[in-house]
Amino acid sequence: MNKNVRVRFAPSPTGGLHLGGVRTVLYNYLFARHNAGEFVLRIEDTDQTRFVPGAEDYIVQCLQWCGMIPDEGPVTGGPYAPYRQSERKSLYRQYAEQLVKSGHAYYAFDRPEELESMRERFKTATNPAPQYDHNVRLEMRNSCSLTLEETETLLEDGVPHVIRIRMPENETVTFNDMIRGEVSFNTGLVDDKVLLKADGMPTYHLAVVVDDYLMKITHAFRGEEWLPSSPVHVLLWKYLGWEDAMPQWAHLPLILKPDGNGKLSKRDGDRLGFPVFAMNWTDPKTTELTKGFRELGFMPEAFINMLAMLGWNDGTDQEIFTIEELISKFSIDRVHKGGAKFDFEKAKWFNHEWIKRSDAARLLPDVKRVLADNGLNIADDALLSSVITLVKDRCTLLTDFYDQSKFFFETPQQLDLDAVRPKWNAEKKTFFEAAIAQIEAAPAFQATEQEAAFKELAAKHNIKPGELMMPLRIMLVGGKFGPGVFDIAAIIGKNETIHRIQQALKQLDLA
RNA sequence: GCCGCGUUCGUCUAAGGGUUAGGACACCACCCUUUCACGGUGGUGAUACGGGUUCGAAUCCCGUACGCGGUACCA
């Protein structure tokens, strides 16, 4: 009974992929997978003045990183190719012309200056932004105000023109939004949107309807900012004679900035110090780099999980979901109506949870990369794995693995000796010299055995073990952090442990 | 201005006529821990306002306020 579910993510390739954009993809993706449907990527590049090289490729890579691979799209191809609207340009005109013929659209020859002067002319205190609508339609240069002959002459002369929809003067358009329920609009209050631009490209309004129809889209998810223009789209479906095929609409709530109000923007991230884009984005014009969640050390699982929870929940207290769980549990009727302020602290919490719950095998490649980025190339996977297991609880971001584990692989250069000196004395020095000898003589070098031996030696020297633990830690790690000291000693090995104690003793002597 | 959409702890949210309004992040306190974390226990903290409807309203209706979005040959 259900027709095959088909959804699309239709971004405009004008820059980095924003959080809100990723969430829109995510909801599309979850809905498609939940219903065993298809997920299509369509590039809406109808505005040639806003073309940004690299932006499309960037979007594709973001989807890949997040694990949301489109079933059809510009890279993958598919039965409804091409999936770039710029490559579908020739397709749209006929539909616009069809609308002109049926009287639902008209040619407009107004030049930009004329539009501007109209807005100036009709601007009043109570109408600060006059629209091109039924009130002014007949006062403009278009096929409604001109005679048939005049229009034809202009067309024949190749005078630049657009095609506009003719919005009815006073009708009510009502449709059922999957998230908001019934919404309705008076058509007389909506302007005669341009459908086909002077350069022959469609506007979003025409293209979205034509392509959703041609690509057999069944459910259309988009941001709430599209709600006001939805009556235009609904009317277009009707006028084109496709009413029965119209997708079900779902207008998603917006992601808001953490402070104050308003849509979250890249600027907010820069200003408040958190990422807004999924991955690093370099503006090709300014070469300005904007940091992304990926490079900052987020796991895609956590990123997706966090985004899913921003406006949706499954009705229980569960907050950590795998993508498989999200797919099986996702439902539109549990999507919130109101916008959600983005909270970077909570985002980090999700990542921390994911790091804690991931095993060393999952983390290994990422940690390896993080260490390598910092000049630490670790070839021993078994060794790295045990280090990861030891330190992952302390890492909120993947990038934290460097600080939390570098001392396993290189001798710390900067020791926090200020934490040792106040209570440092000759007895302790003697103890550590004895400890070196003891370690040297130890047959095996295991954490538990070493700890026992260390404490025994402390007793022999009449020093409380507690007095010695911090100095030992500083000697091995460099600072007041990290896993159990003897676990660290066991991993770095006998010789390195001795070497670090000797080094610290030497530095302590200098003071 | 006009149109549309929204409004539960600081933040994300649960509760779709009857709950001491629940959970999570953050914050605070304590416990655990010879470091830092993890973990555990507890605490502070919310139904925007005003009217209805009802035995009973966070929940349904109306109004107000506030916020957001739109009002382009941008998406």
Side-chain angles (χ1 to χ4, degrees), chain A residues 10-14 44-47 49-50 108 110-112 115 119 123-133 160-164 177 179-180 183-186 188-191 193-205 207-208 222-231 251 253-254 256 258-263 306 309-320 333-334 336-350 352 356 391-396 404 416 419 451 455 464-470 472-474 477 479-485:
Chain A
S12 179
T14 51
E44 309 233 334
D45 54 350
T46 53
D47 186 355
T49 64
R50 293 216 301 166
D110 316 277
R111 322 240 341 139
L115 293 174
R119 287 186 188 113
K123 192 166 159 184
T124 62
T126 54
N127 184 15
Q131 305 190 118
Y132 197 123
D133 59 16
H161 61 277
V162 302
I163 294 180
R164 286 178 181 271
D177 186 274
I179 292 170
R180 281 147 225 287
V183 283
S184 52
F185 300 83
N186 185 319
L189 269 5
V190 181
D191 64 330
K193 297 253 182 260
V194 169
L195 265 22
L196 199 74
K197 302 189 249 188
D199 64 1
M201 275 288 199
T203 59
Y204 171 84
H205 307 291
V208 74
R222 58 181 9 173
E224 192 186 346
E225 70 266 28
W226 289 108
L227 203 47
S229 56
S230 59
H251 289 92
L254 266 17
L256 279 11
D259 61 336
N261 290 297
K263 248 200 304 192
M306 176 270 294
M309 300 310 286
L310 218 53
W312 176 86
N313 69 84
D314 76 339
T316 73
D317 285 340
Q318 184 176 350
E319 290 195 274
I320 303 298
D333 35 271
R334 293 206 63 90
H336 239 251
K337 290 184 178 76
K341 288 188 187 182
F342 177 65
D343 181 2
F344 189 49
E345 291 306 316
K346 184 94 187 217
K348 285 194 289 193
W349 174 80
F350 274 105
H352 194 186
K356 283 189 294 184
V391 305
K392 66 183 175 131
D393 282 3
R394 286 154 242 262
C395 298
T396 298
Q404 289 297 333
D416 181 10
E451 186 170 357
K455 284 180 179 170
K464 287 197 196 110
E467 297 277 299
L468 301 163
M469 298 300 280
M470 187 51 80
L472 212 217
R473 168 172 298 280
I474 302 290
V477 177
K480 292 192 268 187
F481 62 95
V485 259

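To find a chain, count down the sequence lines: A is the first, B the second, and so on, and within it residues start at 1. Note that the structure is predicted; figures quoted are calculated from it, not measured. Values below: every heavy atom of this structure, side chains too, minus hydrogens, waters and symmetry copies.
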Name the pairing partner of [N], where a pair is Watson-Crick or G-U wobble with both distances under 3.5 Å, or state none.
{"N": "B:rC38", "result": "none"}
{"N": "B:rU54", "result": "none"}
{"N": "B:rG45", "result": "none"}
{"N": "B:rG16", "result": "none"}

Measuring to OP1 and OP2 of [N], would you say a side-chain N or O of [X] lies under 4.0 angstrom away?
{"X": "A:Thr46", "N": "B:rC74", "value": "no"}
{"X": "A:Arg164", "N": "B:rC73", "value": "yes"}
{"X": "A:Lys193", "N": "B:rC73", "value": "no"}

Quick one: do A:Asp343 and A:Lys346 make a salt bridge, cutoff under 4.0 Å?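 Salt bridge absent between A:Asp343 and A:Lys346.
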Provide the closest heavy-atom pair for [X] versus [Y] in the form atom of the first, atom of the second, distance.
{"X": "A:Ile474", "Y": "A:Asp416", "result": "CG2-O, 3.5 Å"}
{"X": "A:Cys395", "Y": "A:His352", "result": "O-CD2, 3.1 Å"}
{"X": "A:His205", "Y": "A:Leu195", "result": "CB-CD1, 4.4 Å"}

Say we look at [N] and [M]: how far apart would their [atom1] atoms be, to the nearest angstrom?
{"N": "B:rC32", "M": "B:rU41", "atom1": "C1'", "value": "11 Å"}
{"N": "B:rA58", "M": "B:rU47", "atom1": "P", "value": "11 Å"}
{"N": "B:rC38", "M": "B:rC31", "atom1": "C1'", "value": "14 Å"}
{"N": "B:rC2", "M": "B:rG43", "atom1": "P", "value": "49 Å"}
{"N": "B:rG6", "M": "B:rU59", "atom1": "P", "value": "15 Å"}
{"N": "B:rU8", "M": "B:rA48", "atom1": "P", "value": "6 Å"}
{"N": "B:rG1", "M": "B:rC62", "atom1": "P", "value": "22 Å"}

Of the nucleotides [options], which has the atom closest to the [X] side chain?
{"X": "A:Trp349", "options": "B:rA24, B:rC74, B:rG70", "value": "B:rA24"}
{"X": "A:Arg473", "options": "B:rU35, B:rC74, B:rG70", "value": "B:rU35"}
{"X": "A:Lys455", "options": "B:rA75, B:rG70, B:rU34", "value": "B:rU34"}

Whole angstrom value for the distance that separates C1' of B:rC36 from CE of A:Met469: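 Going from CE in A:Met469 over to C1' in B:rC36 covers 13 Å.
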So does A:Arg394 reach the base of B:rC36 with its side chain, donor to acceptor, closer than 3.5 Å?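 Looking at the base of B:rC36, it does pair with a donor or acceptor on the side chain of A:Arg394 (distance under 3.5 Å).
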Within the supplied structure, the quantity of interest is the number of heavy atoms (other residues, nucleotides, ligands) at a distance under 6.0 Å from A:Lys341 NZ; does it exceed 12?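 It does: A:Lys341 NZ has more than 12 such atoms within range.
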Hey, is the main chain of A:Leu115 close enough, under 3.5 Å, to the side chain of A:Asp110 for a donor-acceptor pair?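 Here the side-chain-to-backbone pair does not exist.
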Taking the side chain from A:Thr316 and the backbone from A:Gln318, do they hold a donor-acceptor pair closer than 3.5 Å?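 Checked: pair present.
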Please work out if [X] contacts a base, only the sugar-phosphate, or nothing of the nucleic acid, heavy-atom cut-off 4.0 Å.
{"X": "A:Ser230", "result": "nothing"}
{"X": "A:Lys348", "result": "nothing"}
{"X": "A:Val391", "result": "nothing"}
{"X": "A:Asp110", "result": "base"}

Hey, does the Lys NZ or Arg CZ of A:Arg394 hover above the aromatic six-ring of A:Phe481, less than 6.0 Å from the centre and inside 45° of the axis?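 Relative to the ring axis of A:Phe481, which defines the angle, A:Arg394 lies outside at least one limit.
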At under 4.0 Å between heavy atoms, which parts of nucleotides 9-14 of chain B does protein reach? Answer with one letter per nucleotide, 5' to 3': B base, S sugar-phosphate only, - none. --SSSS
Mapping A:Cys395 and A:Pro128 onto RNA chain B by nearest heavy atom, which one lands closer to the 5' end?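 It is A:Pro128 whose nearest nucleotide is closer to the 5' end.
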